[in-house]
Protein chains: 2
Amino acid sequence: MFSLSEENYLKAILHLQKTSKSGVNTNALAEEMQTKASSVTDMVKKLSEKNLVIYKKYQGVYLSDSGRKTALQIVRKHRLWEVFLVDKLSFSWDEVHEVAEQLEHIKSDKLITELDKFLKYPKRDPHGDPIPDAKGDFHVANKILLSNLSKGEHGTLVGVKDTSSEFLKYLDKNSIALGKTIQVLDKEEFDESMLIQTDGKSLRVSPMVAVNIYIKQ
Amino acid sequence: MFSLSEENYLKAILHLQKTSKSGVNTNALAEEMQTKASSVTDMVKKLSEKNLVIYKKYQGVYLSDSGRKTALQIVRKHRLWEVFLVDKLSFSWDEVHEVAEQLEHIKSDKLITELDKFLKYPKRDPHGDPIPDAKGDFHVANKILLSNLSKGEHGTLVGVKDTSSEFLKYLDKNSIALGKTIQVLDKEEFDESMLIQTDGKSLRVSPMVAVNIYIKQ
DNA sequence: ATTTATTTTTAGACAAAACTAAAAATAAAA
DNA sequence: TTTTATTTTTAGTTTTGTCTAAAAATAAAT
Ligand SMILES: [Mn+2]
Ligand SMILES: [Mn+2]
Ligand SMILES: [Mn+2]
Ligand SMILES: [Mn+2]
């Protein structure tokens with residue numbers, strides 16, 4: 001088994017390699033892990049020793065097959081716990097991250113199998129992100145950003161890019177929620193702000209909001 | 001907040017001080033923690049620095065009020081998670097300990113408050129042990145050992161002293177379960193073995209079994 | 001009351017995971 | 001193509017929690 005720190009690194013590498021064709025940079029990983037570049041180099045060497053990543057000095061780091069598999073299982077656990085917290089313990093979607101960050105490291109195959117069953121095999125977490133199955137497979141939705149919609153178009157809110165508590169609370173406050181239909185009533189050329197309609201109310205949102213909402217048409 | 005190791009030590013001290021009027025011995029604590037006496041001394045010094053225990057060299061260790069309070073909250077979490085695993089995730093009572101040992105260290109007040117509510121404020125864990133409330137208060141049952149019953153007496157099984165997987169599986173195999181009535185049909189003077197009746201079946205049990213079952217008359 | 005045995009503590013070391021400061025490699029600019 | 005800037009790695013510490021071996025204190029036995 002792997003340490004809490006190793007698991008967090010693998011998850012961070014998985015996350016960063018999605019937005020980068022080449023290897024994950026030491027500095028980017030340090031930023032993501034809230035640590036120093038030198039610490040990252042040390043850990044990356046260790047992960048490489050254990051064949052969880054492919055690493056050549058100065059060339060960035062890549063997950064190996066086994067590293068990717070491990071990382072996906074952590075993500076699976078993280079997201080299943082998030083569903084549990086929201087569906088069963090009445091947490092709101094902006095409160096779950098910190099706790100799931102801890103729960104994802106509990107070691108027990110039976111626990112996660114049974115939790116999955118108890119939650120009725122959910123496909124997505126409270127933020128709309130897909131939950132990998134026991135094999136690591138998951139379904140990627142063909143979603144687009146709200147900012148890419150034109151005036152008159154509409155779609156369903158299927159996810160959020162920014163999952164910070166601040167952003168999620170902003171959405172709550174304005175009745176913008178997962179599964180709701182969003183209609184673009186108007187788009188301002190000047191600042192790219194949008195007048196949208198959802199949950200019966202209309203509201204003007206800045207581009208900063210629009211680029212953090214995923215829509216399925 | 002306290003480290004995983006500090007929390008486990010506090011819990012171990014709480015456990016050991018129940019069966020000892022004087023302070024908890026270094027060696028006993030080392031045995032309980034599966035570590036060496038020298039490691040215990042180091043940790044006990046640290047806990048003493050943090051005012052979680054009262055410690056004088058060579059005189060054994062006692063929990064302080066704050067140490068006891070902290071330890072009871074870990075026990076509370078441990079037992080609530082055990083209830084969750086058995087009641088909601090269909091674990092059996094011999095499978096929960098290892099996982100609860102990990103879950104008890106998750107840091108979140110809301111999590112434990114909501115879990116308690118979700119489980120309908122259980123008073124006892126799957127082994128019959130009392131669950132401390134948020135203030136650390138709990139109800140001690142006036143239970144006695146099965147071995148103390150005489151021929152002809154009966155009572156309800158309210159707890160087990162040995163919570164090892166081996167013992168619990170033995171009980172399962174013989175339909176001896178929490179809440180069941182146990183009747184002492186006969187007691188052999190020679191080896192103190194007992195012929196008991198429970199769940200419609202009669203069965204001869206050794207003293208080793210009888211001293212690990214708690215009865216309420 | 002000594003001697004012997006047991007328990008407990010100290011001293012020194014180690015592994016994991018972090019840090020700072022400095023060196024080396026790579027990338028960007030002149 | 002040098003020079004400069006940025007990124008990454010190395011070297012040397014630190015903290016936490018553990019270990020072994022040896023010393024000191026306490027308890028038990030003669
Ligand atoms: Mn984590
Ligand atoms: Mn999520
Ligand atoms: Mn534990
Ligand atoms: Mn229990």
Side-chain angles (χ1 to χ4, degrees), chain A residues 1-13 16-17 19-63 67 70-71 74 101-102 104-107, chain B residues 1-13 16-17 19-63 67 70-71 74 101-102 104-107:
Chain A
M1 273 316 112
F2 307 107
S3 75
L4 184 138
S5 203
E6 290 171 333
E7 292 188 345
N8 283 335
Y9 269 94
L10 290 176
K11 203 163 58 112
I13 298 168
L16 290 173
Q17 87 178 6
T19 51
S20 126
K21 49 245 104 229
S22 60
V24 172
N25 299 330
T26 303
N27 267 352
L29 197 41
E31 165 71 24
E32 177 80 14
M33 291 296 299
Q34 302 267 62
T35 186
K36 297 298 156 73
S38 54
S39 305
V40 169
T41 302
D42 285 347
M43 179 55 89
V44 157
K45 279 178 178 171
K46 200 171 71 164
L47 295 175
S48 180
E49 278 302 308
K50 300 190 177 187
N51 291 311
L52 292 166
V53 301
I54 288 108
Y55 166 65
K56 286 204 293 280
K57 275 189 195 175
Y58 297 99
Q59 302 312 122
V61 63
Y62 301 79
L63 286 176
T70 304
I74 316 289
E101 202 58 42
Q102 298 177 61
E104 70 188 1
H105 303 289
I106 304 290
K107 267 104 183 153
Chain B
M1 273 315 111
F2 307 107
S3 74
L4 184 138
S5 203
E6 290 170 333
E7 292 188 345
N8 283 335
Y9 269 94
L10 290 175
K11 202 163 59 110
I13 297 167
L16 290 173
Q17 87 178 6
T19 52
S20 126
K21 49 244 102 232
S22 59
V24 172
N25 299 329
T26 303
N27 267 351
L29 197 41
E31 165 71 24
E32 177 79 13
M33 291 295 299
Q34 302 266 63
T35 186
K36 297 297 155 74
S38 54
S39 306
V40 169
T41 302
D42 286 346
M43 179 55 88
V44 157
K45 279 178 179 171
K46 200 170 69 164
L47 295 174
S48 180
E49 278 301 308
K50 299 190 176 186
N51 292 311
L52 292 165
V53 302
I54 289 111
Y55 167 65
K56 284 204 294 279
K57 274 189 195 175
Y58 297 99
Q59 302 311 123
V61 64
Y62 301 78
L63 285 177
T70 306
I74 316 287
E101 202 57 43
Q102 299 176 62
E104 70 188 1
H105 302 289
I106 303 291
K107 267 104 184 154

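Residue numbers begin at 1 in each chain, while the letters A, B, ... track the order of the sequences. The structure presented is a predicted model; accordingly, all values stated were derived computationally and were not measured.
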Exercise. Minimum heavy-atom separation for Lys21(A) to Tyr62(A), with atom names?
Worked result: O-CE2, 4.4 Å

Exercise. Distance from Thr35(B) atom OG1 to Asn8(B) atom CG, nearest 0.5 Å?
Worked result: 11.5 Å

For this session: May I have the distance from Lys56(A) (atom NZ) to dT26(C) (atom C1'), rounded to whole angstrom?
Result: 16 Å

Taking only N/O atoms, report every protein-nucleotides 19-21 of chain C pair under 3.5 Å with atom names and distance.
| from | atom 1 | to | atom 2 | distance (Å) |
| --- | --- | --- | --- | --- |
| dC19(C) | OP2 | Thr35(A) | OG1 | 2.4 |
| dC19(C) | OP2 | Lys36(A) | N | 3.2 |
| dC19(C) | OP2 | Ser39(A) | OG | 2.7 |
| dT20(C) | OP2 | Lys36(A) | NZ | 2.9 |
| dT20(C) | O4 | Ser38(A) | OG | 3.0 |

Problem set entry | Partners meeting side chain to side chain contact (heavy atoms under 4.5 Å, CB included) with Ser48(A) (sequence neighbours left out) | Val53(A), Tyr55(A)

Exercise. Where is the tightest heavy-atom contact between His105(A) and Glu7(A), given as atom of each residue plus distance?
Worked result: ND1-OE1, 2.7 Å

Exercise. So do the side chains of Lys50(B) and Glu6(B) get within less than 4.5 Å of each other, counting heavy atoms only?
Worked result: yes

Exercise. Gln17(A): what forms a side chain to side chain contact (heavy atoms under 4.5 Å, CB included) with it, not counting sequence neighbours?
Worked result: Ile13(A), Leu14(A), Val24(A), Leu63(A), Arg68(A)

Exercise. Taking protein heavy atoms under 4.0 Å as touching, what does nucleotides 2-8 of chain C look like 5' to 3' if B marks base contact, S marks sugar-phosphate-only contact and - marks none?
Worked result: -----SB

Seminar exercise, completed: For Glu101(A), the salt bridge (charged side-chain N to carboxylate O under 4.0 Å, His left out) test, sequence neighbours excluded, returns Lys11(A)

Exercise. Any side-chain N or O of Tyr9(A) less than 4.0 Å from the OP1 or OP2 oxygen of dA18(C)?
Worked result: yes

For this session: Mind calculating the distance between CG (Leu47(B)) and C1' (dT16(D)) to the nearest angstrom?
Result: 13 Å

Exercise. Can you list the residues that meet the side chain to side chain contact (heavy atoms under 4.5 Å, CB included) rule with Ala30(B), with sequence neighbours excluded?
Worked result: Val40(B)

Exercise. Across the strands shown, which category fits Lys45(B) at heavy-atom distances under 4.0 angstrom: base, sugar-phosphate, nothing?
Worked result: sugar-phosphate

